[in-house]
Asks: 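Got a structure here, written out as structure tokens. Questions coming.
This is a predicted model, so every value here is computed, not measured. Within every chain, numbering begins at 1; the chains are lettered A, B, ... in the order of the sequence lines, protein sequences first and strands thereafter.
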Protein chains: 2
Amino acid sequence: MNFDHLINRQIRLAQRPQGLPGPECWQHTEEAVRAPQEGGVLFQNLCLSLDPAMRGWMNEGKSYIPPVEIGAVMRAGGIGRVIASAHPGFAVGDLVSGGSGVQDYCLVPGDQVKRTGLTKIDPRLGSVTQWLNVLGMPGMTGYFGLMDVGQPKAGETVVVSGAAGAVGQTVGQMAKIKGCRVVGIAGGSAKCEWVVKELGFDACIDYKAGSVREGLKAHCPDGVDIYFDNVGGDILDTVLTRINRKARIIICGAISQYNSTEGIVGPKNYLSLLVNRARMEGIVVFDYAPRYGEAVLEMAGYLKEGRMHSKEDVVRGSVDVFPATLLKLFKGENFGKLVLQLAD
Amino acid sequence: MNFDHLINRQIRLAQRPQGLPGPECWQHTEEAVRAPQEGGVLFQNLCLSLDPAMRGWMNEGKSYIPPVEIGAVMRAGGIGRVIASAHPGFAVGDLVSGGSGVQDYCLVPGDQVKRTGLTKIDPRLGSVTQWLNVLGMPGMTGYFGLMDVGQPKAGETVVVSGAAGAVGQTVGQMAKIKGCRVVGIAGGSAKCEWVVKELGFDACIDYKAGSVREGLKAHCPDGVDIYFDNVGGDILDTVLTRINRKARIIICGAISQYNSTEGIVGPKNYLSLLVNRARMEGIVVFDYAPRYGEAVLEMAGYLKEGRMHSKEDVVRGSVDVFPATLLKLFKGENFGKLVLQLAD
């Protein structure tokens with residue numbers, strides 16, 4: 001096999017950002033595509049997942065995974081189609097989910113197939129973009145964060161920020177299915193209307209239009225039992241004033257803080273945890289990898305039955321539009337899970 | 001029975017403090033002592049428990065218990081001796097633990113005996129001051145916070161701030177008994193030496209003498225699995241940078257913040273909870289009231305065997321010295337559990 005005729009366009013990290021990652025952070029490169037060696041797999045990226053967590057991966061220093069090195073292809077999960085395989089578990093034409101990177105083609109050496117979590121996906125369970133959303137990493141994050149850390153009980157009140165985002169829509173819909181009252185927090189009336197009318201949330205607070213505090217008072221008359229936090233900052237502090245005894249706060253992210261150049265602001269109302277005997281707990285989705293299968297099957301069933309919906313904000317383009325597209329996340333401009341579609 | 005010859009000196013809350021509670025916050029009053037009516041108990045206070053939590057009770061607003069009202073006798077737990085009883089469960093001469101208040105005598109009406117948790121104590125299990133320390137509320141806080149919320153496993157590293165205080169000494173000693181490595185944080189070399197030499201902690205970091213961060217690096221080479229936080233502020237933030245995966249942070253108090261006039265500073269490193277899949281959880285001791293008996297018996301056994309020690313900082317005086325004595329807590333001047341001894 002020879003793939004020399006194929007050009008692999010790539011986006012590499014040129015420098016670490018201060019605040020919002022501007023064009024100076026990125027380098028556009030091209031290289032030839034090479035055939036996989038023994039045990040390896042070559043796939044073409046169809047869709048890339050654009051996630052708030054990417055901002056963290058661009059920073060130096062210890063985190064739950066190593067930072068992207070300067071000069072390396074930017075890390076990104078994605079869905080691809082196998083175009084060459086020297087691995088018995090993958091055949092040309094298979095759809096796969098893996099560590100795509102921001103590039104057209106991804107060559108996974110044999111010794112990296114397992115480590116990078118390359119897996120075949122079943123297109124009968126959901127579309128390619130759904131496999132990056134409710135059935136993908138954000139969906140797994142929402143599912144296990146809510147179910148394992150939050151442990152919702154029917155009748156409890158669940159609040160989720162970033163409600164129209166990838167994780168938020170999974171959390172809210174799962175909480176509804178489990179019999180909870182669900183109140184979202186999102187930016188803009190379109191998102192708020194959508195999570196209520198389409199996803200069946202009980203209410204959604206538009207943080208851009210008014211007071212989150214008043215919204216919580218109005219829509220959570222019995223207080224908050226579970227708060228799934230994707231945003232941090234003032235919203236986390238406000239929810240802390242409304243939690244019930246034995247409340248659970250799931251710390252999934254803090255998108256309001258990621259681009260701060262003045263350091264992260266901690267939740268000044270954290271002593272509400274003491275008063276209410278409540279807990280705040282972090283979740284990293286990778287810990288649940290052995291159980292992804294069960295969550296995918298359960299939620300694919302809900303999608304089929306129409307009990308769950310999955311909304312993606314799909315931007316079509318080449319990898320060159322990645323830098324500008326990523327910024328939509330931090331400006332709250334995406335509506336649904338942000339996906340960069342490179343090919344069909 | 002007539003007790004008109006006895007004068008009950010009382011300290012009442014005159015106004016709510018801004019920052020440290022100065023003399024203007026207090027009113028010294030006297031009133032006659034009345035005999036108990038049907039079901040009631042009258043006891044003389046021997047010792048009062050002076051606790052950081054008192055500062056919170058002086059503030060207005062919702063907390064885990066209502067604030068002390070302006071004009072009311074200041075709330076305090078204590079140990080007393082019954083001098084008159086119209087309740088079948090209490091006899092003259094009994095030693096009792098209860099909601100003494102900062103006053104010489106406490107009259108508990110019949111309908112308040114249960115609500116205020118008035119209980120007989122067994123002097124064979126520990127001295128009167130020990131009943132305010134390891135066997136009292138702080139001991140119960142440390143015991144259940146560590147055991148129930150922290151769930152220590154042998155070999156884990158436990159860090160406790162306010163290590164020489166009432167809660168801290170219980171936490172550290174219990175953690176040692178459970179087979180953990182224990183590192184205290186305290187202010188001053190005398191306290192640090194004492195928790196290591198007398199209580200058997202593995203190390204103690206003097207936050208007044210040097211860097212807590214360097215101390216943690218040196219003394220917690222395997223990271224921190226449990227942090228029992230009595231202080232909040234910078235020390236909490238520093239420990240957050242050293243926690244292990246699945247660490248537990250018990251939020252018991254935040255004495256560094258209670259007198260702040262600029263509002264509470266939240267832990268800016270709280271996203272370490274996410275990275276480390278860790279949790280931060282509050283504890284309020286009253287929730288464990290039905291289980292105090294088991295903890296008292298267990299720790300009284302350790303005291304008897306010499307496996308635990310209980311150090312109290314006993315100030316002798318009348319209730320008039322209460323305002324000044326309380327300030328020792330916030331200046332870190334007490335060495336051991338702070339007790340105001342009013343009578344023998």
Asks: Tell me, side chain or backbone of V265(B) under 4.5 Å from chain A's heavy atoms, or both, or neither?
Replies: backbone
Asks: Answer with side chain, backbone, both or neither: which region of I283(B) has an atom nearer than 4.5 Å to a non-hydrogen atom of chain A?
Replies: backbone
Asks: Count the heavy atoms belonging to other residues, nucleotides or ligands that lie under 6.0 Å from CE of M58(A), then report whether that count exceeds 12.
Replies: yes
Asks: Is L236(B) close to chain A through its backbone or its side chain, or both, or neither, when contacts mean heavy atoms under 4.5 Å?
Replies: side chain
Asks: Can you list the donor-acceptor atom pairs spanning chain A and chain B that come in under 3.5 angstrom?
Replies:
from    : atom 1 : to      : atom 2 : distance (Å)
R277(A) : NE     : D287(B) : OD1    : 3.1
R277(A) : NE     : D287(B) : OD2    : 2.7
R277(A) : NH2    : D287(B) : OD1    : 2.8
A278(A) : O      : G282(B) : N      : 3.0
M280(A) : N      : M280(B) : O      : 2.8
M280(A) : O      : M280(B) : N      : 2.8
G282(A) : N      : A278(B) : O      : 3.0
D287(A) : OD1    : R277(B) : NE     : 3.1
D287(A) : OD1    : R277(B) : NH2    : 2.8
D287(A) : OD2    : R277(B) : NE     : 2.8

Asks: side-chain contact (heavy atoms from CB on, under 4.5 Å) with A186(A): which residues, sequence neighbours excluded?
Replies: A163(A), K191(A), C192(A), C204(A)
Asks: Would you name the heavy atoms of C252(A) and L274(B) that are closest together and state the gap between them?
Replies: O-CD1, 3.1 Å
Asks: Step by step, would you call V275(B) with V284(A) a side chain to side chain contact (heavy atoms under 4.5 Å, CB included)?
Replies: CA-CA 7 Å; V275(B) 172; V284(A) 172; 6.0 Å; no
